[in-house]
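Scroll down for the structure; my scribbles are underneath it.
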Amino acid sequence: MRLTKIAEIPSFVEISESARKKVAQVMELSGLSNTVLLSGRKSYELAGKKIREKIRGSVLDVFFVETASMEEVRKLEFSMAYSDIDSVMGIGGGKVLDVGKVLASELNVPFISIPTVASHDGVASPVASFKEKNRPASLSVNPPAIILADLTILRKSPVRYLRAGFGDLISNITAVRDWELSRDKTGEAYSEVAASMAVMPANLMIKSASLDIQNLKTLEMLVRGLVLSGVSISIAGSSRPASGAEHKFSHALDYLGYGQGLHGEQVGIGAIIMEYLHQKYYGTGDWEAVKDALESVQAPTTAREIGVTKEQVVEALLFARQIRKKRYTILEDINAGRDELELAVEKTGVA
Ligand SMILES: NC(=O)C1=CN([C@@H]2O[C@H](COP(=O)(O)OP(=O)(O)OC[C@H]3O[C@@H](n4cnc5c(N)ncnc54)[C@H](OP(=O)(O)O)[C@@H]3O)[C@@H](O)[C@H]2O)C=CC1
Ligand SMILES: O=C(CO)COP(=O)(O)O
Ligand SMILES: [Zn+2]
């Protein structure tokens with residue numbers, strides 16, 4: 001048996017309708033007074049500007065993030081060389097938070113995560129997803145030290161991103177199934193705590209999936225789930241609890257340049273297919289429940305909705321095994337060929 005390592009996790013998390021109003025107080029309590037604020041053009045107008053006004057004396061500089069890339073991080077590092085920064089604050093979507101996480105890790109200062117959309121568990125995770133030369137890559141970074149998830153801001157954000165966040169959370173179900181499979185078949189290190197943190201909110205969400213994801217209670221459950229999912233990655237020391245074959249499939253779509261689905265939309269569809277395969281080969285799971293849950297919040301469940309053809313889905317499923325070959329999943333275990341994958345795509349109604 002192998003054990004996972006002891007992890008660094010966020011030291012302050014607030015998920016509430018007024019979390020944005022806690023910024024000044026939390027910074028003061030943490031002894032932070034020289035932050036660099038990263039935001040997006042839209043997120044700054046919607047949320048960043050007001051927050052900045054409240055902490056004006058503690059903001060050294062404001063930068064707008066254009067792309068999620070190392071080039072962007074380097075540009076920022078050069079423009080803030082020799083300043084006395086004690087923290088990095090990100091107010092925005094995944095792109096802003098990812099650049100902020102990498103920058104804070106490089107500068108070895110705490111990162112304050114203030115999401116303005118909740119489209120994936122990157123709001124809390126120690127992972128940054130960058131694109132270099134159009135190729136996706138997942139980087140390991142320090143997790144945010146402080147997370148302020150304001151439900152008033154998130155409730156008004158575009159519903160497509162919330163539905164994507166739902167997909168990313170639901171995908172933990174197949175990710176954890178794959179992790180258990182690998183533990184049993186390859187002896188991979190497994191953490192019951194991390195697995196439970198990732199999968200329990202996903203199961204809870206499936207059972208109580210409401211048609212209205214903007215309903216405050218449902219939204220709160222979703223955001224709590226995404227934060228726990230991010231923390232589970234820190235505890236596991238890798239994205240294992242939240243990223244299995246359904247994520248390999250999504251990374252394959254990105255790698256091959258197929259379609260225009262959001263990350264959470266792609267992994268949601270991937271989860272339907274992987275749950276079907278787990279059910280077929282091992283009798284565990286309920287792929288129809290996964291699909292019903294996604295449908296109930298109006299998240300995509302078909303290839304057409306994310307702009308890919310049936311052939312592209314099958315190509316991506318075949319290519320998925322080239323992604324992170326060491327991460328053992330149902331795809332490696334059953335060694336599925338084209339015909340088998342085509343059948344899974346048809347049976348689940350994905351295409
Ligand atoms: N770290 C991780 O684990 C993961 C990271 N990713 C990465 O995250 C990025 C995608 O993140 P995602 O959050 O989907 O999207 P983006 O960060 O790309 O933001 C989506 C869009 O919504 C706008 N926006 C932000 N907040 C609001 C709001 N409250 N109301 C209206 N519009 C708003 C943004 O504008 P503006 O930027 O101008 O503010 C932007 O145009 C990609 O780079 C992807 O690779 C994906 C999966 C996992
Ligand atoms: O998206 C993630 C978890 O939801 C991160 O996983 P990856 O390590 O596969 O990028
Ligand atoms: Zn994900």
Side-chain angles (χ1 to χ4, degrees), residues 20 38-49 64-69 72 90-102 111 113-132 134-141 143-144 149-176 178 198 202 225-234 236-252 254-255 260-268 270-271 320 323-324 327 329:
R20 68 191 182 285
L38 308 187
S39 197
R41 301 268 169 204
K42 200 179 281 176
S43 34
Y44 186 73
E45 282 310 312
L46 292 168
K49 202 193 258 179
F64 293 104
V65 172
E66 308 293 347
T67 59
S69 65
E72 191 83 341
I91 305 177
K95 200 174 58 181
V96 170
L97 301 186
D98 279 358
V99 169
K101 276 191 266 186
V102 176
F111 177 62
S113 167
I114 307 182
T116 59
V117 291
S119 53
H120 49 71
D121 57 20
V123 297
S125 74
V127 180
S129 170
F130 275 3
K131 269 212 174 105
E132 296 293 339
N134 262 342
R135 293 274 160 89
S138 306
L139 313 178
S140 286
V141 292
D150 187 282
L151 299 175
T152 308
I153 297 172
L154 295 173
R155 184 134 78 132
K156 289 191 221 141
S157 69
V159 70
R160 182 182 176 196
Y161 290 100
L162 295 178
R163 290 173 179 148
F166 183 88
D168 200 32
L169 182 58
I170 291 302
S171 79
N172 291 358
I173 291 171
T174 44
V176 169
D178 282 339
L226 290 173
V227 168
L228 284 175
S229 180
V231 174
S232 78
I233 297 177
S234 290
S238 84
S239 58
R240 242 316 181 179
S243 171
E246 74 301 314
H247 270 65
K248 289 193 184 204
F249 164 68
S250 171
H251 295 321
D254 292 341
Y255 204 88
Q260 57 268 236
L262 295 175
H263 172 81
E265 296 174 336
Q266 295 177 173
V267 299
I323 308 254
R324 258 200 206 115
R327 186 162 293 189
T329 69

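Every number for a ligand or one of its atoms is a count from 1 in the order of the listing.
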Output the list of atoms in ligand 1 that are nearer than 4.0 Å to some heavy atom of S119, sorted by atom number.
12 (P), 13 (O), 14 (O)
Closest heavy-atom pair, L154 versus P115, reported as atoms and distance to 0.1 Å, is CD2-O, 3.6 Å
Are the side chains of V99 and L38 in contact, using a 4.5 Å heavy-atom criterion?
yes
Whether S125 lies under 4.0 Å from ligand 1, heavy atom
yes
Looking at every non-hydrogen atom in both residues, tell me the closest pair between A175 and A242 and how far apart they are.
CB-C, 3.6 Å
Any protein heavy atom < 4.0 Å from atom 47 (C) of ligand 1:
yes
So for ligand 1, is H263 a polar contact partner (N or O within less than 3.5 Å, distance only)?
no
In the complex you have, is atom 40 (C) of ligand 1 within reach of the protein, judged by whether a heavy-atom distance drops under 4.0 Å?
no
Less than 3.5 Å apart, any donor N or O on the side chain of D168 or H247 sitting next to an acceptor on the other?
yes
Note: ligand 1 atoms sitting under 4.0 Å from heavy atoms of K95 are 8 (O), 9 (C), 11 (O), 17 (O), 37 (O)
Counting N and O atoms only, with roles assigned by atom type, does the side chain of R327 sit under 3.5 Å from a partner on the main chain of K248, one being a donor and the other an acceptor?
no
Contacting atoms of ligand 1, where contact means under 4.0 angstrom from a heavy atom of A68:
43 (O)
For V117, take its heavy atoms, then give the atoms of ligand 1 lying under 4.0 Å from any of them.
13 (O), 25 (C), 26 (N), 27 (C)
Is the contact between F130 and ligand 1 made by the side chain, the backbone, both, or neither, using heavy atoms and a 4.0 Å cut-off?
neither
K156 versus ligand 1: do any nitrogen or oxygen atoms come within less than 3.5 Å of each other?
no
Checking side chain to side chain donor-acceptor pair (under 3.5 Å) between D254 and each of Q266, K131, H263, which is the one that passes?
Q266
Of the backbone atoms (N, CA, C, O) and the side-chain heavy atoms from C-beta on, which set of K42 has a member under 4.0 Å from an atom of ligand 1: side chain, backbone, both, or neither?
both
Of the listed options (H120, H247, R155, E265), which comes nearest to atom 10 (C) of ligand 1 when hydrogens are ignored and any heavy atom counts?
H120
Heteroatom distance test (V96, ligand 1): nitrogen or oxygen, under 3.5 angstrom:
no
Restricting to N, O or S, what is the name of the atom of D168 that lies nearest the Zn ion (ligand 3)?
OD1
Between ligand 2 and the protein, tabulate every N or O atom pair separated by less than 3.5 Å, reporting distance only.
unit_1, atom_1, unit_2, atom_2, d
ligand 2, 1 (O), H247, NE2, 3.1
ligand 2, 1 (O), H263, NE2, 3.0
ligand 2, 4 (O), D121, OD1, 3.0
ligand 2, 4 (O), D121, OD2, 2.8
ligand 2, 4 (O), D168, OD1, 3.2
ligand 2, 4 (O), D168, OD2, 3.3
ligand 2, 4 (O), A242, O, 3.4
ligand 2, 4 (O), H247, NE2, 3.1
ligand 2, 8 (O), S239, OG, 2.7
ligand 2, 8 (O), R324, NH2, 2.6
ligand 2, 9 (O), S243, OG, 2.7
ligand 2, 9 (O), H251, NE2, 2.7
ligand 2, 9 (O), R324, NH1, 3.0
ligand 2, 9 (O), R324, NH2, 3.4
ligand 2, 10 (O), S138, OG, 2.6
ligand 2, 10 (O), H251, NE2, 3.4

Side chain or backbone of L46 under 4.0 Å from ligand 1, or both, or neither, by non-hydrogen atoms?
side chain
Do any N/O atoms on D98 end up under 3.5 angstrom from N/O atoms on ligand 1?
yes
Set of ring pair (Phe, Tyr, Trp, His ring centres under 6.0 Å) partners for F130, sequence neighbours left out
none
State, to the nearest 10 degrees, the angle whose vertex is the Zn ion (ligand 3) and whose arms point to NE2 of H247 and NE2 of H263.
100°
